[in-house]
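First listed ligand is number 1; within each ligand, the first listed atom is number 1.
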Amino acid sequence: MSTATLQTNAVREGFRYPESIREAFIATPGLNFRDGSYVSSEKMWEFLTVEAPRRFPYSFSEERIFGESLHDYTYFAGIKHNYLNLTLRDRLLKAHANGVPIIHVQGGQTVDPFFAAGAIPVVPGPLRGWATSMKEGLTLYQAGQRATDILEAGRSAISVDCCNNPVGAMEAIRQNLIPIDMVVPYLALRCTDIAYTLESYRTLVKDIPLHFIDYPVTRDTEWTVQYVAELLRDLVKRIAQLRGVEVTEEDLWKEIKLENRGRKFARDAVELVWRAELPPIRSQNLSGIITGGRFDRGDSLAGTELLEQDFAEVTQRVRDGVLAPGVSEDAVRLISVGSCFGLQSDFVEAHGGVVVGTDDHLSKIYADVGEYGDPYERMAESILSYNYEKETEKRAAYVVDLVRRSRANGVVCGYNWGCNYQSAVSRMIADIVKKETGVPTLNLVVNGLGLSRLQGNEQTQNRIESFIEMIRH
Ligand code: SF4
C-alpha cells in the first residue's frame, strides 16, 4: 500500500464528534452573523460532523502535530470556535462575492475600524490557513505540504531571510489563491518583516490597493494620537470608497461598543481560568478565547456572541470544579511570549503542561476603545496603548504582571526565524522576567508556523519537553 493511501485511510478513521453529545450541543444557542444570517447549533453540528470531515479531513486527524485539534468535545463553546475556523473560507468567499472588501491587515493591530467600515480584516495566520483550505479533501500531510509549498514559493519571491508569516500570506495573495481587496500594513517596530513585504507589494503585487498606517515609536503624546487618528480616518474613507457608501460616526460607535463588549467577555473568561484551582479548559480553548477577543475569524458579531458563551461555560466549569480532559491536575503552567509565536498545546498537555496565554494576543483584549469624544482618536489611543508595543523594559514589566496574574510556572520566550526585532529583545525580556519573578524562562528560535509546522518541529518540542520536566522536578 502506498504512503498516500495509508495516510488517506488514517484520516478516514480520524476523529469524529460523538453522537452522545449531539442533543446537549444542539440545545445551546446558535450565532448571529454580520450579514444578517443566523446559524443554529444544529446546523453547526451538521457541518462539523458531515460536511467538514469530507472537505477538511486534515482537521480531523488524530495526529498531535496539528495545531487546531478538535478532540475536546466536552467544551461546547470550543466546538463553536472550531466551526468559525472551518467556515472562515466559505464566509470570506461569500462576503467577497457580495461586495464586502476583504482586507489583509499586517502588524498585529486593532480591527475595529475595518469592521466599522463594512470590511472584513484578515491577519496573516488565518489568511495562510484560508489559502491552504482553498484546496479541499487534503490529508494532514497533504495540507502541511501545500502550506509549505506556498511558503517556499514566497521565500523564493521575497527572501529566505524573511519570516514565514508575511511570506506565506504575501505569496498566497501574489498567486491569487484568495481574493484580497486591499492590503493594510501597520508600520510597527515589532514586525521587522513589514519592510520586506512592503517592498514586495511595491514590486510583485501591483493591482491591489495598499494603505499604510504608521505606528510612531513615540506613542504617548497628543500629537501622536492626532496623527494616527488621521491615518485611521483616511483608512475608513478609503474602505468606504471601495464599497461606494458613506461610513458615519454612528457606524464606528456601534462597532466599537460591540468589540468592547467582546473584549470584556474574553478578559473575564481568561481571568476566571487563571484563578481557577484546576485548569477548567484546555490550552487550545483558552487560546481560542484570547484570539477570539481580537475577532480574527471574520465576524465581530458572531465572535462577541461566542465569547459570551465562552464566559458562561467557563464560569460553570469553574463553579463545578471541572478539570479539562487531557490536562494534568498539577499541570506546569506556561506562558508564551513573542510575536506570532504560540506553543503547540496538544504537545504541552501531553507532557504535563498547560498554556495560560500569550503576551501578544492578551495585549489586545486589554485595550478597550474609549466610548466618548472622537472615535478615531479613541481608536488611536487604544492602538497606541498596547502593552506589547511598549519599550522593551516596560514590555517585560507587563510580562512580569501576566506571570503573576496567571500564576505561570514557566515562561517560553520565542521568536520566528527572520523576526529580527523580536530576536533582539527576546533574551532581554526572558532575563528581566526571571530576575523579577524567579520563574524559569526559556528563549527559543522557531521555524514553524501554522501547518508549515511539518518543518523543523522536533527540536523545539524536545526543548519544551525538557523545560516542563525541569520545572516539574
Ligand atoms: S514573527 Fe515577527 S517578523 Fe514575522 S510577522 Fe510576526 S512580528 Fe512580523
Side-chain angles (χ1 to χ4, degrees), residues 67 103-111 121-132 147-148 150-152 154-155 157-174 180 183-201 205 210 212-215 217 287 290-291 294 296 336-344 358-364 383 386-392 395 398-399 412-430 443-453 455-457 460:
I103 302 189
H104 179 41
V105 184
Q106 289 181 310
Q109 311 303 321
T110 183
V111 292
V122 192
V123 297
L127 187 142
R128 289 182 294 106
W130 177 22
T132 302
T148 305
I150 297 170
L151 269 181
E152 286 299 343
R155 285 170 181 148
I158 301 172
S159 164
V160 286
D161 287 332
C162 187
C163 114
N164 291 341
N165 212 14
V167 165
M170 158 83 203
E171 183 62 15
I173 295 170
R174 191 179 76 87
I180 291 291
V183 179
V184 180
Y186 281 78
L187 309 181
L189 190 61
R190 62 126 88 197
C191 182
T192 33
D193 281 352
I194 285 285
Y196 280 108
T197 42
L198 289 188
E199 183 55 28
S200 310
Y201 287 127
V205 180
L210 274 174
F212 305 119
I213 306 284
D214 196 6
Y215 191 99
V217 181
S287 164
I290 298 170
T291 53
R294 61 179 298 211
D296 65 347
S336 70
V337 168
S339 287
C340 316
F341 166 71
L343 295 168
Q344 220 166 300
T358 306
D359 67 338
D360 182 2
H361 299 317
L362 281 166
S363 158
K364 286 158 202 130
I383 298 171
Y386 286 170
N387 281 312
Y388 191 82
E389 307 292 348
K390 288 184 174 161
E391 304 92 296
T392 308
R395 191 180 137 203
Y398 155 64
V399 178
V412 182
C413 297
Y415 51 94
N416 288 291
W417 165 256
C419 185
N420 298 331
Y421 181 76
Q422 299 303 328
S423 63
V425 301
S426 187
R427 179 78 263 165
M428 184 174 166
I429 291 170
N443 196 34
L444 275 182
V445 57
V446 292
N447 187 31
L449 281 163
L451 286 167
S452 68
R453 57 170 60 90
Q455 292 184 321
N457 212 21
T460 308

Item to check | Cys419 N/O/S atom closer than 2.8 Å to atom 8 (Fe) of ligand 1 | outcome: no
Item to check | Nearest-0.5 Å distance, CD1 of residue Ile103 to CG of residue Leu127 | outcome: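 CG of Leu127 is found 12.5 Å from CD1 of Ile103.
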For [X] and [Y], which heavy atoms make the closest approach, and how far apart are they?
X      : Y      : value
Val167 : Arg155 : CG1-N, 3.4 Å
Ser363 : Tyr398 : N-OH, 3.1 Å
Ile150 : Ala131 : CD1-CB, 4.3 Å

[X] heavy atoms, cut-off 4.0 Å: which ligand 1 atoms fall inside?
X      : answer
Asn416 : 1 (S)
Pro166 : 4 (Fe), 5 (S)
Cys191 : 3 (S), 5 (S), 7 (S), 8 (Fe)
Asn165 : 5 (S)
Arg190 : 7 (S)

Checklist entry - How does Cys163 reach ligand 1, by side chain, by backbone, by both or by neither, if only non-hydrogen atoms under 4.0 Å count? => result side chain
Checklist entry - Who pairs with Thr358 by side chain to side chain contact (heavy atoms under 4.5 Å, CB included), at least two apart in sequence or on another chain? => result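 Checked Thr358 against side chain to side chain contact (heavy atoms under 4.5 Å, CB included); matches are Ser336, Asp360, His361.
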Next on the checklist: Looking at atom 6 (Fe) of ligand 1, is there an N, O or S atom belonging to Cys340 that lies under 2.8 Å away from it?
Outcome noted: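 Here the distance criterion (N, O or S atom, under 2.8 Å) is met by Cys340, so yes.
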Next on the checklist: By the salt bridge (Lys or Arg N to Asp or Glu O under 4.0 Å) test, which pairs, at least two apart or in different chains, include something from residues 163-172?
Outcome noted: Glu171-Arg174
